[in-house]
Amino acid sequence: MQIDLRTVSIQPLRNTFDHLARRFGDKPASRYQEASYDIQAAENLHYRPTWAPEQQLYDASITRIVMQDWYALKDPRQYYYNTYTLARARQQDTAEANFEFVDSRGLADRLPDALRNTALAVLVPLRHAAWGANQHNSFICGYGYGAAFTQPCMYQAMDNLGIAQYLSRLGLLLGGTEALEAGKRAWMDGAAWQPLRRYVEDCLVVRDPFELFVAQNLALDGLLYPLIYERIVDDDFSVRGGSAVAMLTRFMTDWFAETRKWVDAVVKVAAAESAQNQAQLSEWTQAWSSRAAAALLPVVELALGAQADEAVCEQLAGLKQRLDKIGITL
Amino acid sequence: MDMKVEKKKLNLKDKYKLLTRDLGWEPSYRSKDEIYPYVKYEGLKVHDWDKWEDPFRLTMDAYWKYQAEKERKFYAIIDAHTQNNGHLNITDARYLTALKIFLQAISPGEYAAHKGFARAGREFAGVGTQVACQMQAIDELRHAQTQIHAMSNYNRYYNGFHAFADARDRIWYTSVARSFFDDSMSAGPFEFMIAIGFSFEYVLTNLLFVPFMSGAAYNGDMATVTFGFSAQSDEARHMTLGLECIKFMLEQDPDNLPIVQAWIDKWFWRGFRVLGLVSTMMDYMLPKRVMSWREAWEIYGVENGGALFRDLARYGIRPPKGWDDAEKAIDHMSHQLMLGLYQWSFGTAFHSWIPSDEDMDWLSAKYPATFDKHYRPRWNHIKKLAAAGTPYKNFGLAKLCQCCQLPIVFTEPDDPTMLCNRETTYKGEKYHFCSDGCQDVFEHEPEKYIQAWLPMPALFQDQQGDIGAWMDWVSLKDGTDNGDYAGSEDQRNFQQWRGLATSNQ
Ligand SMILES: [Fe+2]
Ligand SMILES: [Fe+2]
Ligand SMILES: [Zn+2]
């Protein structure tokens with residue numbers, strides 16, 4: 001028997017789950033809400049971690065940031081696994097087409113030698129910095145509190161890995177495995193890269209998830225992405241006949257434009273929560289962004305030479321403006 | 001320099017290496033001990049992280065692409081299921097009891113696994129291992145979310161789903177699964193991998209997902225079938241990762257063997273106890289049954305488990321210590337636990353019921369050696385009381401096992417007429433256990449297990465035994481969420497809605 005169930009009109013007993021009705025009222029919840037709010041265990045945790053017995057298994061007090069409700073840190077993109085994955089799948093389609101375009105038309109081989117060498121020198125070592133970013137966001141996701149705050153960090157970590165992989169492919173395309181080897185040597189021993197590597201390694205021992213969020217996603221990314229991908233690749237390289245490189249880094253440009261909205265939203269809400277949070281966030285941002293600017297200067301010099309100082313200053317000013325809007329004072 | 005000639009074709013393995021483990025480096029500004037503070041304290045010895053074999057080679061672009069395809073299909077089916085009143089296609093609303101337990105106890109475990117793998121994805125000192133863990137971290141988040149989304153529409157029409165987040169933290173039977181996941185996450189990164197990679201993925205997933213998804217298909221539940229199938233290729237990756245991790249630990253140093261063996265013993269038993277809930281789903285909760293718990297155990301436990309341990313034998317691993325006791329429990333556990341769930345159904349956010357005569361005939365055919373002898377008489381007794389208008393209710397919950405947190409309802413492995421109860425006195429306190437396996441786990445790490453949050457003392461101490469206050473605290477709606485299915489609102493509504501759908505009114 002085939003039953004046409006569509007024709008039955010029945011009254012639901014309730015609109016949504018209790019924990020969502022308590023937060024948003026008795027109305028149907030969005031999939032983002034269902035996928036994010038209160039899905040982390042919050043009470044009656046059974047055992048203390050053997051790896052840090054002074055902590056709880058999920059412990060809001062391992063950061064100096066204090067939130068009344070960690071779920072206030074929502075993601076303006078409303079990413080849950082589905083919307084995140086679909087967005088990235090579309091972006092990877094574009095990236096794939098761009099790599100294919102550059103490769104099939106031999107655009108990489110037609111790049112002026114000097115430009116190709118600069119592109120390799122600036123971009124390839126950044127794959128290691130992107131791996132560092134992956135480590136930090138995986139950490140924040142693992143130890144941060146509340147799914148609204150932590151789930152986008154998992155997405156960010158996977159994005160960081162994706163970016164490291166795109167940079168590796170760019171290196172392979174423009175310079176083969178030798179380019180990756182040279183890039184790693186520069187990352188390990190090249191003078192221009194040591195401040196940045198030290199920055200990343202210092203972050204690897206920061207175990208306050210929110211401080212790490214500021215150091216990586218706000219301070220470092222906030223300077224690195226505009227400087228490298230906008231100022232150097234999109235502006236400088238394109239003028240010098242290297243728009244093929246810009247095609248290969250399109251993912252990073254789009255990605256930064258998107259993710260910074262989330263980073264801003266998180267920091268803005270956390271800063272608005274209390275004067276203490278605001279002061280702490282400002283202190284961290286101040287410390288990490290000035291270090292990030294100093295660490296990026298020699299890297300920017302590889303491409304811009306004497307103009308590097310000015311470019312970094314300009315970006316620092318740009319970051320200050322951005323911070324003003326989210327309530328952070330330097 | 002001419003790059004064009006120098007470019008060599010890379011094989012897949014080398015290319016994947018460049019795209020993952022080559023991203024890492026030997027730190028020099030900070031020590032490895034500072035960066036990876038948790039890799040040594042469990043006593044596992046790792047000499048060369050590069051020996052890690054990548055269990056699968058998935059770059060992020062491929063991951064996004066494949067997963068997006070699965071996601072599109074999944075949500076298309078869930079949307080159609082919602083729009084077309086797909087819930088009326090299930091065999092009977094009794095079936096939903098299994099889903100309610102799943103959402104309250106298992107889906108939160110997916111989320112816990114997500115968090116644990118995000119941590120492991122940072123704490124291990126090898127890029128290959130970290131990347132594999134991170135992919136599992138994001139997958140497990142996916143599972144938690146797709147399960148909530150798949151069951152969201154059931155929540156709008158049926159009771160027992162609405163407070164799953166409260167139940168996860170407060171109600172008694174969910175702490176069986178909660179304590180399992182909390183136990184794994186409070187362990188170090190290596191033990192976590194055995195707990196989840198071996199116990200959750202191998203022991204539990206095989207025995208939970210496969211029969212559970214077939215049960216859903218048999219009972220017309222397209223929403224659940226869909227999340228099950230959609231998760232299958234993820235789970236295949238997770239099992240491979242779990243196995244690779246065990247092999248890696250064993251290959252790195254012979255001193256690792258006793259440590260790994262002890263974890264396998266422990267986590268087999270922990271997983272087996274969580275399966276107690278699954279056994280009741282299979283034998284009692286599916287209106288249309290796929291196979292008995294015994295049959296599922298034969299296929300997914302004995303056969304698959306046997307193959308796994310034959311594979312690991314070359315490293316010196318023997319089957320888990322509790323294996324024989326598990327085998328002896330198979331023909332009893334679902335009946336013993338279901339009788340318990342029925343008598344404590346006042347305190348469950350799902351319905352239970354007395355099996356019909358037809359159900360009991362099926363059970364005696366599937367359990368010829370045990371059902372008629374030990375369990376049919378007890379169900380008949382309960383049935384008589386219900387018919388006389390004095391239904392059997394037990395408002396005092398049995399002692400819970402300090403380790404697995406199930407009520408102490410299981411019998412001695414060699415004597416099904418004797419309740420099995422073990423006791424250990426530690427620092428002047430007495431602790432109770434359901435089995436030798438659970439007692440062993442406790443005695444190995446008493447400082448951990450004395451911390452366990454036992455839900456029943458919460459009822460008797462915090463709420464002074466006031467059952468109404470306790471129900472409010474766990475968000476259990478008395479009279480609609482709990483009790484016998486017969487006469488429940490779920491039963492009435494389902495019959496009425498189905499009636500509307502199948503008649504001309
Ligand atoms: Fe899962
Ligand atoms: Fe899994
Ligand atoms: Zn037990």
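Side chains included, hydrogens not; waters and symmetry mates left out as well; all remaining heavy atoms used. Predicted model, so just to flag it, every value in this text is computed and none were measured. Letters A, B, ... mirror the listed sequences (proteins, then strands); counts begin at 1.
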Is it the backbone or the side chain of [X] that comes under 4.5 Å from a heavy atom of chain B, or both, or neither?
X: A:Q92; answer: side chain
X: A:Q11; answer: backbone
X: A:M188; answer: side chain
X: A:T150; answer: side chain
X: A:Y84; answer: side chain
X: A:A95; answer: neither

Among [options], which residue has the highest count of heavy-atom pairs closer than 4.5 Å to chain A?
options: B:Y111, B:F161, B:Y157, B:W25; result: B:W25
options: B:Q405, B:Q147, B:E191, B:E69; result: B:Q405
options: B:I450, B:T20, B:D14, B:T59; result: B:T59

I'd like to know whether the aromatic ring centres of [X] and [Y] sit less than 6.0 Å apart in this structure.
X: B:Y449; Y: A:H46; value: no
X: A:F251; Y: B:W64; value: yes
X: B:H143; Y: A:Y81; value: no

Quick check against the 3.5 Å criterion: does B:R178 have a side-chain atom that pairs as donor or acceptor with the backbone of A:N44?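 Between the backbone of A:N44 and the side chain of B:R178 there is a qualifying donor-acceptor contact (under 3.5 Å).
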Separation of [Y] [atom2] from [X] [atom1] (nearest 0.5 Å):
X: A:Y47; Y: B:S184; atom1: OH; atom2: OG; answer: 10.0 Å
X: A:Y166; Y: B:D61; atom1: OH; atom2: CG; answer: 4.5 Å
X: A:R88; Y: B:Y63; atom1: CZ; atom2: OH; answer: 13.0 Å
X: B:N155; Y: A:D18; atom1: CG; atom2: CG; answer: 7.5 Å
X: A:N82; Y: B:F74; atom1: CG; atom2: CZ; answer: 9.0 Å

Per-pair distances, 0.1 Å, donor-acceptor, side chain in residues 51-58 of chain A, under 3.5 Å, sequence neighbours excluded:
{"unit_1": "A:W51", "atom_1": "NE1", "unit_2": "B:M185", "atom_2": "O", "d": "3.1"}
{"unit_1": "A:W51", "atom_1": "NE1", "unit_2": "B:A187", "atom_2": "O", "d": "3.2"}

Take atom CZ of B:R156 as the centre, draw a 6.0 Å sphere, and report whether it contains more than 12 heavy atoms from other residues, nucleotides or ligands.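 Counting neighbours around CZ of B:R156, more than 12 heavy atoms of other residues, nucleotides or ligands fall under 6.0 Å, so yes.
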So for atom OH, which belongs to B:Y41, do other residues, nucleotides or ligands contribute more than 12 heavy atoms lying within a distance under 6.0 Å?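 Yes, because the 6.0 Å sphere around OH of B:Y41 holds more than 12 heavy atoms from other groups.
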Does [X] come within less than 4.0 Å of [Y], counting only side-chain N to carboxylate O?
X: A:R127; Y: B:D22; answer: yes
X: A:D38; Y: B:R168; answer: no
X: A:R48; Y: B:D182; answer: no

Start with the C-alpha distance between B:Q496 and A:I10, add both sets of side-chain angles, then the distance that settles side-chain contact (heavy atoms from CB on, under 4.5 Å), and finish with yes or no. CA-CA 10 Å; B:Q496 190 208 338; A:I10 50 179; over 6 Å; no
Going through the distances and angles, do B:Q134 and A:N134 end up as a side-chain hydrogen bond (donor to acceptor under 3.5 Å, both in side chains)? CA-CA 10 Å; B:Q134 291 171 11; A:N134 159 284; 2.7 Å; yes
Could you work out, with side chain to side chain donor-acceptor pair (under 3.5 Å) as the rule, every residue matching B:Q451, not counting sequence neighbours?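 Per chain and number, B:Q451 pairs via side chain to side chain donor-acceptor pair (under 3.5 Å) with no residue.
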Residue by residue, which of residues 136-144 of chain A have a heavy atom closer than 4.5 Å to a heavy atom belonging to chain B?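 Within residues 136-144 of chain A, the residues under 4.5 Å from chain B are A:S138, A:F139, A:C141, A:G142, A:Y143, A:G144.
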Which residues satisfy the salt bridge (Lys or Arg N to Asp or Glu O under 4.0 Å) test with A:R207, sequence neighbours excluded?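 In terms of salt bridge (Lys or Arg N to Asp or Glu O under 4.0 Å), with neighbours along the sequence ignored, A:R207 is linked to B:E123.
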Please test A:R14 against B:N159 for side-chain hydrogen bond (donor to acceptor under 3.5 Å, both in side chains), starting from the C-alpha separation and ending with a verdict. CA-CA 9 Å; A:R14 61 184 67 77; B:N159 298 313; 2.7 Å; yes
The test is side-chain hydrogen bond (donor to acceptor under 3.5 Å, both in side chains); show your working for A:E34 and B:S152 and say whether it passes. CA-CA 8 Å; A:E34 289 184 334; B:S152 164; 2.5 Å; yes
Between [options], which residue shows the highest count of heavy-atom pairs closer than 4.5 Å to chain B?
options: A:A41, A:P49, A:G106; answer: A:A41
options: A:T16, A:T50, A:T85; answer: A:T50
options: A:L167, A:D93, A:D159; answer: A:D159

Residues B:S28 and A:R197: side-chain donor-acceptor under 3.5 angstrom: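 Yes.
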